[in-house]
Trainee: 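Please see the structure below; I have some questions.
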Amino acid sequence: MPKIALPDGSERHYDGPVTAGQIAADIGPGLEKAALSAVVNGNHWDINRIIDEDSEIRLITKKDDYCLELIRHDCAHILAEAVLELYPETQVTIGPAIENGFYYDFYRENPFSSDDLVSIEKRMHEIVDRDEQIIRGEWSREEAVRFYKDRNEPFKIELVEAIPESETVSYYQQGEFIDLCRGPHMLSTKKVGHAFKLMKVAGAYWRGDSNNPMLQRIYGTAFLKEADLETYLTMLEEAEKRDHRKLGKALNLFHLQEEAAGSIFWHPNGWTLYREIESYIRRRLNSENYQEVKTPQMIDKSLWEESGHWEKFGENMFTANTKDDKILALKPMNCPGHVQIYRQGVKSYRDLPLRMAEFGSCHRNEPSGALHGIMRVRAFTQDDAHIFCTEEQINSESVAFCNLLKDIYADFGFSDIRVKFSDRPEVRAGDDKTWDKAEQALTSATKAAGIETSSNPGEGAFYGPKLEFVLTDAIGRDWQCGTLQVDFILPERLGAEYVDENGKRKRPVMLHRAILGSLERWIGILIEQYSGKMPPWLSPVQVVIAPITESSNDYANLVYRDLKNVGIRVHIDLRNEKIGFKIREHSNAKVPFILAAGGREEESRTVALRQLGSKNQEVMSLSEVNSFLQLECMPPDLAKNTK
RNA sequence: GCUGCUGUAGCUCAGUAGGUAGAGCACACCCUUGGUAAGGGUGAGGUCGAUGGUUCAAAUCCAUUCAGCAGCACCA
């Protein structure tokens with residue numbers, strides 16, 4: 001005799017087993033119609049699944065976010081059904097709902113073409129219109145295995161065998177199609193509606209392991225309403241326009257070419273941006289009492305063996321052989337080099353914390369498929385630093401670092417940061433006791449800094465746990481930028497030490513930390529964040545002065561020299577073009593300020609200022625415009641100081 | 001690295017029955033000196049990612065290779 005508790009605190013009593021659907025109907029016909037699935041004692045259940053014991057239930061309707069998951073998961077099944085109808089030789093594997101849609105992985109000899117997608121999608125719409133009932137059933141393990149043996153579906157057999165003994169094996173049937181599935185699903189294929197679209201095909205490894213066979217994954221997306229689908233597709237188009245690879249070319253910031261895959265050719269515009277960021281960071285680190293150093297690009301293999309890099313990451317390191325049979329390696333990281341500087345001379349506890357910074361140019365031989373614009377490259381520069389400190393100082397140094405990082409991110413316009421806590425990986429150096437200590441230290445530092453983290457198990461560096469500060473690019477890809485890593489291991493391996501208050505030699509702790517991560521990646525993210533429309537302090541060209549006609553060239557030149565003299569990045573456009581044309585070009589180039597100067601301005605010793613994104617002009621005197629632009633173009637840290 | 005797709009003038013792209021390449025923009029020159037998102041004319045520019053093959057003949061077919069794109073795997 002089930003007693004049903006509802007979210008509003010009320011209870012309903014039934015004489016026999018009921019379904020969530022019946023309960024909804026009892027509450028009201030509106031709800032009966034709207035209910036799609038239910039949460040029964042915390043588990044997602046079908047609306048028509050029998051409830052025969054006391055339960056807490058909550059009904060899922062279109063108002064719940066979860067309904068998108070339902071639709072997408074149903075969609076994945078419909079996709080699989082369509083594929084099997086059209087290409088019966090295909091084997092099905094798994095097909096979940098994901099963040100922006102769903103996918104289904106298939107195994108077959110010949111991959112799907114984009115034409116295939118069109119016919120599959122068409123068939124899916126037909127299946128929805130067929131209004132097939134989706135029916136849940138249960139199997140014993142043997143039945144399930146036999147079913148898939150008969151159909152020659154080894155992947156599914158593997159899945160069945162992976163289900164823990166404690167769980168029942170359920171399947172869902174719609175029409176002729178039967179799929180092993182935990183559920184829940186809606187009542188019929190019709191419920192899915194038609195607001196879905198197949199997006200792309202791509203390879204994906206069985207169970208995400210590159211040693212396994214490659215499957216054909218079809219991605220799709222689905223929404224409640226057609227309008228939502230349209231909105232999503234438009235959003236994707238808009239995001240593509242901000243792609244840093246497109247904008248980088250359009251704004252003449254950099255280029256890449258195949259003879260130097262994974263390395264960037266910085267053009268004058270891009271390099272100006274790069275240097276502006278570098279100077280900014282240098283100022284910030286300097287005022288936080290970091291000392292900047294520069295360490296060798298190539299170091300003998302023996303040092304990398306000592307540090308552990310050769311063993312753990314040798315595959316990704318570029319090497320150069322010398323005539324006398326030495327092997328030099330291009331540095332993939334700066335830490336061993338910094339320890340070498342630290343080790344020059346005896347260090348006292350009075351020297352700690354010692355903060356050593358470097359704009360470290362690193363090379364890593366990334367797999368070809370990993371390269372992505374300037375976000376993932378083989379040659380990049382880290383705003384790297386290592387803080388050598390005592391165990392007691394870990395906390396205060398971490399807090400100071402997190403605060404600095406937040407402040408710097410804010411200066412670049414980022415307030416929404418996600419932080420992941422990555423703990424010990426399988427392949428690691430050092431014993432478990434050391435790792436316990438390091439992870440505890442980092443956890444407590446995180447708390448002290450008031451930072452919320454999500455856990456990222458097993459993803460730490462080989463020498464220590466880390467915080468990863470993650471930003472998302474225009475196309476929704478996540479990129480790790482900043483990082484903070486607690487390392488008890490490298491100081492040991494590379495013999496860093498200090499003399500404590502009692503004259504004893506001790507190991508310092510190393511905090512590896514970066515804020516932007518890689519300057520290259522940071523610039524890529526900035527371009528996308530601002531759609532190329534950089535704030536004035538970062539704009540490669542801050543001001544363009546455009547005379548109306550040739551007769552104003554001399555006057556324009558005077559204005560130009562005035563601005564140039566106070567350090568503003570100003571260009572002058574003396575081309576034989578109309579003012580409208582010049583405005584258009586410099587606006588497209590996203591120059592923040594355009595100054596027009598013609599006879600009127602010359603007469604009154606003024607200029608007409610036009611800001612990017614505004615149609616209005618503002619007439620200002622030369623001294624006004626000079627101080628206005630100086631202020632507007634000032635980096636945020638310096639601007640704070642002048643206030 | 002794996003699977004699929006793509007690779008044509010500086011840029012964006014067209015070139016579907018294999019017969020030695022086109023457009024727009026940009027560029028150069030000339031005309032125009034014009035007030036806030038494209039004034040007009042003329043002209044120069046590619047041997048079609050690379051290599052090899054099939055063919056009387058290849059940008060167009062085949063093979064290999066490089067790079068890019070999407071996803072997967074990887075990301076110290």
Side-chain angles (χ1 to χ4, degrees), chain A residues 103 105 110-114 116 199-219 243 245-246 249-250 252 255-262 304 307-309 311-317 331-336 362 364-373 375-378 382 422 425 427-429 459-464 466 468 475 477-480 483 485 487 490 512 517-518 521 546-553 576-589 594-601 608-610 612 614-617:
Chain A
Y103 67 78
D105 284 348
N110 300 312
F112 295 107
S113 68
S114 37
D116 292 339
M199 305 296 285
K200 54 198 166 197
V201 236
Y205 298 107
W206 168 238
R207 306 197 129 185
D209 185 334
S210 58
N211 297 313
N212 288 342
M214 179 150 284
L215 308 171
Q216 300 301 320
R217 175 173 296 179
I218 298 181
Y219 282 93
D243 192 317
R245 293 167 296 187
K246 275 193 177 153
K249 194 180 271 179
N252 196 13
H255 84 269
L256 298 150
Q257 66 185 52
E258 68 178 86
E259 291 85 348
W304 302 109
S307 70
H309 288 85
E311 187 201 341
K312 301 246 165 26
F313 309 110
E315 292 228 332
N316 291 321
M317 287 167 68
K331 66 174 173 184
M333 295 201 305
N334 309 298
C335 22
C362 295
R364 298 178 186 175
N365 196 0
E366 302 283 1
S368 57
L371 301 179
H372 180 89
M375 304 279 219
R376 185 87 181 265
V377 286
R378 293 191 173 127
Q382 296 178 311
S422 302
V427 184
R428 59 179 182 261
E459 298 293 323
F462 77 88
Y463 46 73
K466 61 181 181 182
E468 295 176 15
I475 329 174
R477 283 182 255 235
D478 281 348
W479 297 100
Q480 181 194 314
T483 183
Q485 312 171 358
D487 177 9
L490 281 183
H512 305 239
S518 114
R521 173 175 297 178
I548 305 284
T549 67
E550 257 172 27
S551 57
S552 303
N553 280 2
N576 173 17
E577 296 291 350
K578 287 186 169 181
I579 191 67
F581 183 86
K582 292 181 182 178
I583 297 288
R584 177 183 157 80
E585 284 224 326
H586 301 302
S587 298
N588 283 338
I594 300 172
L595 302 181
R600 293 207 294 268
E601 286 76 16
L609 176 132
R610 179 183 165 125
L612 183 58
S614 158
K615 287 223 184 303
N616 304 324
Q617 311 156 46

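What you see is a predicted model, and the numbers here were worked out from it, not measured in a lab. Every heavy atom of this structure was used, including side-chain atoms; hydrogens, water molecules and symmetry mates were not.
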Trainee: Of the listed nucleotides (rA76(B), rG39(B), rG68(B)), which one gets closest to any side-chain atom of E577(A)?
Mentor: rG39(B)
Trainee: With sugar-phosphate meaning primed atoms plus P, OP1 and OP2, does G369(A) contact a base, only sugar-phosphate, or nothing at under 4.0 Å between heavy atoms?
Mentor: base
Trainee: Side chain of K582(A), backbone of P547(A): donor and acceptor closer than 3.5 Å?
Mentor: yes
Trainee: With heavy atoms under 4.0 Å as the rule, sort K249(A) into base, sugar-phosphate or nothing.
Mentor: sugar-phosphate
Trainee: Q216(A) near the nucleic acid: base, sugar-phosphate alone, or nothing, with a heavy-atom cut-off under 4.0 Å?
Mentor: sugar-phosphate
Trainee: Assess whether one donor atom and one acceptor atom, taken from the side chain of R376(A) and the base of rC75(B), lie less than 3.5 Å apart.
Mentor: yes
Trainee: rG1(B), rA76(B), rU36(B): which one has an atom nearest the side-chain heavy atoms of M333(A)?
Mentor: rA76(B)
Trainee: In whole Å, measure the gap between the P atoms of rU55(B) and rC2(B) for me.
Mentor: 32 Å
Trainee: Need to verify one output field. Residue with the more 5' nearest nucleotide on RNA chain B, L612(A) or I548(A)?
Mentor: I548(A)
Trainee: In whole angstrom, give me the gap between the C1' atoms of rA67(B) and rG49(B).
Mentor: 8 Å
Trainee: Out of rA70(B), rA76(B), rC72(B), which nucleotide sits closest to the side chain of Y219(A)?
Mentor: rC72(B)
Trainee: E366(A) side chain: which of rA67(B), rC72(B), rC75(B) is closest?
Mentor: rC75(B)
Trainee: Say we look at rA57(B) and rG41(B): how far apart would their C1' atoms be, to the nearest angstrom?
Mentor: 40 Å
Trainee: How would you label the contact of N588(A) with the nucleic acid (heavy atoms, under 4.0 Å): base, sugar-phosphate, or nothing?
Mentor: base
Trainee: Whole angstrom is fine here: how far is it from CZ in R584(A) over to P in rU36(B)?
Mentor: 16 Å
Trainee: Quick one: classify the glycosidic conformation of rG71(B) as syn or anti, with syn meaning within 90° of 0.
Mentor: anti
Trainee: For atom C1', what is the distance between rC48(B) and rU20(B), given to the nearest Å?
Mentor: 11 Å
Trainee: Just how far, in rounded Å, is C1' of rC69(B) from CE of M375(A)?
Mentor: 15 Å
Trainee: Out of rC74(B), rA38(B), rG7(B), which nucleotide sits closest to the side chain of P367(A)?
Mentor: rC74(B)
Trainee: Check every strand shown and say whether S210(A) touches a base, only sugar-phosphate, or nothing at a heavy-atom separation below 4.0 Å.
Mentor: sugar-phosphate
Trainee: Base, sugar-phosphate, or nothing for M214(A), non-hydrogen atoms under 4.0 angstrom?
Mentor: base
Trainee: Taking the P atom in each of rA23(B) and rA14(B), what is the distance between them to the nearest angstrom?
Mentor: 15 Å
Trainee: Given the rule in the salt bridge (Lys or Arg N to Asp or Glu O under 4.0 Å) test, do R245(A) and D243(A) qualify, once you have shown the distances and angles that lead to the verdict?
Mentor: CA-CA 5 Å; R245(A) 293 167 296 187; D243(A) 192 317; 2.5 Å; yes
Trainee: Applying a 3.5 angstrom cut-off to the pairing atoms, does RNA chain B sit in any stems of at least three consecutive Watson-Crick or G-U pairs? List them by first number.
Mentor: B:1-7 with B:66-72, B:10-13 with B:22-25, B:27-31 with B:39-43, B:49-53 with B:61-65
Trainee: When the distance from NZ of K615(A) to P of rG35(B) is rounded to whole Å, what number comes out?
Mentor: 18 Å
Trainee: Hey, does the side chain of R364(A) reach the backbone of P332(A) with a donor-acceptor pair shorter than 3.5 angstrom?
Mentor: yes
Trainee: Check each of H372(A), R376(A), R378(A) against E366(A) using the side-chain hydrogen bond (donor to acceptor under 3.5 Å, both in side chains) test, and report the only one that passes.
Mentor: R376(A)
Trainee: Quantified in whole Å, what is the C1' atom distance between nucleotide rA28(B) and nucleotide rU47(B)?
Mentor: 24 Å
Trainee: Look at all strands and tell whether G599(A) reaches a base, only sugar-phosphate, or nothing, counting heavy atoms closer than 4.0 Å.
Mentor: base
Trainee: Can you tell which of rG71(B), rC74(B), rC2(B) lies closest to the side chain of K200(A)?
Mentor: rG71(B)
Trainee: Could you check which of rU3(B), rG35(B), rA37(B) has an atom nearest any side-chain atom of E601(A)?
Mentor: rG35(B)
Trainee: Can you tell me if R207(A) touches the phosphate of rA73(B), counting only side-chain N or O atoms and a distance under 4.0 Å to OP1 or OP2?
Mentor: no
Trainee: Of the non-hydrogen atoms in Q382(A) and C362(A), which two are nearest, and what is the gap between them?
Mentor: OE1-SG, 3.6 Å
Trainee: Consider the side chain of E550(A), meaning its heavy atoms from C-beta on, and name the nucleotide among rG35(B), rU33(B), rA67(B) that approaches it most closely.
Mentor: rU33(B)
Trainee: Counting only side-chain nitrogens and oxygens, does R245(A) get under 4.0 Å of the OP1 or OP2 atom of rC69(B)?
Mentor: yes
Trainee: Take the protein atom CG of L371(A) and the nucleotide atom P of rG1(B), then report the distance between them rounded to whole Å.
Mentor: 10 Å
Trainee: Is it true that a side-chain atom of E311(A) and a backbone atom of G308(A) form a donor plus acceptor pair closer than 3.5 Å?
Mentor: no
Trainee: Rounding to a whole Å, what distance do you find between W206(A):CH2 and rA73(B):C1'?
Mentor: 16 Å
Trainee: F581(A) near the nucleic acid: base, sugar-phosphate alone, or nothing, with a heavy-atom cut-off under 4.0 Å?
Mentor: sugar-phosphate
Trainee: What is the distance, to the nearest angstrom, from the CG atom on D243(A) to the P atom on rU12(B)?
Mentor: 13 Å
Trainee: If you take all heavy atoms of S552(A) and G599(A), which pair is closest and at what distance?
Mentor: OG-N, 3.7 Å
Trainee: Starting at atom NZ of K312(A), determine the distance to atom C1' of rC74(B), rounded to an integer number of angstrom.
Mentor: 17 Å
Trainee: Indicate, with a heavy-atom threshold strictly under 4.0 Å, whether G517(A) touches base, sugar-phosphate, or nothing.
Mentor: nothing
Trainee: Can you classify the ring geometry of H309(A) versus Y463(A) as parallel (below 30°), tilted (30 to 60°) or perpendicular (above 60°)?
Mentor: tilted
Trainee: Answer with base, sugar-phosphate or nothing: what part of the nucleic acid does R477(A) contact at a heavy-atom distance below 4.0 Å?
Mentor: sugar-phosphate
Trainee: In whole angstrom, give me the gap between the P atoms of rG68(B) and rC61(B).
Mentor: 24 Å
Trainee: Under 4.0 Å, counting only non-hydrogen atoms across every strand here, what does Y463(A) touch: a base, just sugar-phosphate, or nothing?
Mentor: sugar-phosphate
Trainee: Record whether the side chain of Y205(A) comes under 3.5 Å of the base of rG71(B) through a donor-acceptor pair of N or O atoms.
Mentor: no
Trainee: Please tell me which of the listed nucleotides, rA67(B), rA70(B), rU36(B), lies nearest to the side chain of A608(A)?
Mentor: rU36(B)
Trainee: Tell me whether the OP1 or OP2 atom of rC11(B) has a side-chain N or O from H255(A) closer than 4.0 Å.
Mentor: no
Trainee: Would you indicate whether E259(A), at its atom CD, is surrounded by more than 12 heavy atoms from other residues, nucleotides or ligands within a distance under 6.0 Å?
Mentor: yes
Trainee: With sugar-phosphate meaning primed atoms plus P, OP1 and OP2, does K466(A) contact a base, only sugar-phosphate, or nothing at under 4.0 Å between heavy atoms?
Mentor: sugar-phosphate
Trainee: Counting any heavy atom closer than 4.0 Å, what does P332(A) reach on the DNA or RNA strands: base, sugar-phosphate only, or nothing?
Mentor: base
Trainee: Measure the distance from CG on D105(A) to C1' on rC72(B) and round it to the nearest whole Å.
Mentor: 9 Å
Trainee: Nearest to the R600(A) side chain among rG35(B), rA76(B), rA70(B), which nucleotide is it?
Mentor: rG35(B)
Trainee: Taking for each residue the nucleotide of RNA chain B bearing the nearest heavy atom, is the 5' side occupied by R364(A) or by F112(A)?
Mentor: F112(A)
Trainee: Output yes when at least one side-chain N/O atom of S551(A) is less than 4.0 Å from OP1 or OP2 of rU33(B), else no.
Mentor: no
Trainee: Using the C1' atom on both, measure rU12(B) against rC66(B) and round to a whole Å.
Mentor: 24 Å
Trainee: Base, sugar-phosphate, or nothing for R217(A), non-hydrogen atoms under 4.0 angstrom?
Mentor: sugar-phosphate
